[in-house]
Amino acid sequence: MKKEQIVDVLETIATLLELQEENPFKIRAYTNAARSIEAWGGNLRELAEENRLQEIPGVGKAIAGKISELVLTGESTFFAELRSKFPPGILELFGLPGLGAKKIKALYEKLQVGSIADLKKACEMGRVAELPGFGKTTQDKLIATISNRAKHVGSFQLGAVAAEAEELLDDLRQHPGATQVSSAGSYRRRKEIVRDLDFIVATQAPEAITEFFVGHALVESVSARGATKTSVRLHSGIQADLRVVSTAEYPFA
DNA sequence: TCGACGGCGCATTTCT
DNA sequence: AGAAATGCGCC
DNA sequence: GTCGA
């Protein structure tokens, strides 16, 4: 697993620990470690193999162990278990202004709110205003925020997805079965806001390319898989479409 | 092995 | 009205 | 959880 992803896992761990009201210093320890690793130029895998992860400031025995597990296996038992205690969508809630760990915990425990969609429903039913610490003002504001936010759902700033797009492009080009690889759509046109990524690959081995694509490290989930077009969701949340065409018809795609 | 790890002020909202 | 809680930004 | 005394 790559450095950025590991940093992301550590940050997520910190967030989830907040939700279960862990020792604030422990929470900060994870945040610190994440920041520290981010700033670390070196190669994590090397460091892990030599058992020298603790040379990174803020990384001690416990976190070093989790990092090696992540580097080696791509998973962390601890993280998986922690994550399983909460619905996946609960992290979305931290993006809403005015909501922090305490409030989110209350929403989750008393109203089983586990996502922004859940929260919207709860607000519309007037349940949120019933909770201690919440009121009508808050409830209305949340509805407004969520509605406003919906306008931008599914769109991303170019800079936010460029790295993923380029990495995917590079890796596709590197695949022996791909004769031509290019991007299309709004990303190719470098529009400031992109809704999804489009890739076109010319190949004599469509099946292999598709397989490679859906199995790529950046891919979060596969939403549709067909002979000529495949759609996936990347870790950043953006949708990416892959079109595979025969080498002969590539110029027209 | 054991204590420290940042703290304060402001804004908003709710509680009493 | 004043106190308290929560979230947030700043030094 | 990590660091330093």
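In this text, all values refer to a predicted model and were calculated from it rather than measured experimentally. Here is the naming used below: chain letters follow the sequence lines, and residue numbers restart at 1 for every chain.
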Checklist entry - Would one find a side-chain N or O of A:Thr138 under 4.0 angstrom from OP1 or OP2 of B:dT14? => result yes

Next on the checklist: Would you say A:Lys103 places a side-chain N or O within less than 4.0 Å of OP1 or OP2 belonging to C:dT6?
Outcome noted: no

Checklist entry - So what does A:Lys105 hit on the nucleic acid, given a heavy-atom distance under 4.0 Å: a base, only sugar-phosphate, or nothing? => result nothing

Checklist entry - Contact class for A:Ala33 (heavy atom, under 4.0 Å): base, sugar-phosphate, or nothing? => result nothing

Checklist entry - Hey, what's the ring geometry for A:Phe199 with A:Phe213, parallel, tilted or perpendicular (30° and 60° as the breaks)? => result perpendicular

Whole angstrom value for the distance that separates [atom2] of [N] from [atom1] of [X]:
X	N	atom1	atom2	result
A:Leu142	C:dG7	CG	P	12 Å
A:Gln139	B:dT12	CD	P	20 Å
A:Phe134	B:dC15	CZ	C1'	14 Å
A:Lys61	D:dG1	NZ	P	11 Å
A:Leu17	D:dT2	CG	P	12 Å
A:Asn23	D:dT2	CG	C1'	11 Å
A:Leu107	B:dT14	CG	P	13 Å
A:Lys26	D:dT2	NZ	C1'	12 Å

Next on the checklist: Tell me whether the count of non-hydrogen atoms from other residues, nucleotides or ligands lying under 6.0 Å of NZ in A:Lys2 goes above 12.
Outcome noted: no

Checklist entry - In this structure, are over 12 heavy atoms from other groups packed under 6.0 Å from A:Lys105 atom NZ? => result yes

Strictly below 4.0 Å, N to O, side chains only: are [X] and [Y] in salt-bridge contact?
X	Y	result
A:Glu69	A:Lys66	no
A:Glu81	A:Lys85	no
A:Arg173	A:Glu166	no

Checklist outcome for this item: Of the listed B:dC5, C:dT6, D:dT2, the closest approach to the A:Lys102 side chain comes from C:dT6

Next on the checklist: Which residues pass the ring pair (Phe, Tyr, Trp, His ring centres under 6.0 Å) test with A:His235, not counting sequence neighbours?
Outcome noted: none

Checklist entry - Looking at residues 111-133 of chain A, who's got a heavy atom less than 4.0 Å off DNA chain C? => result none

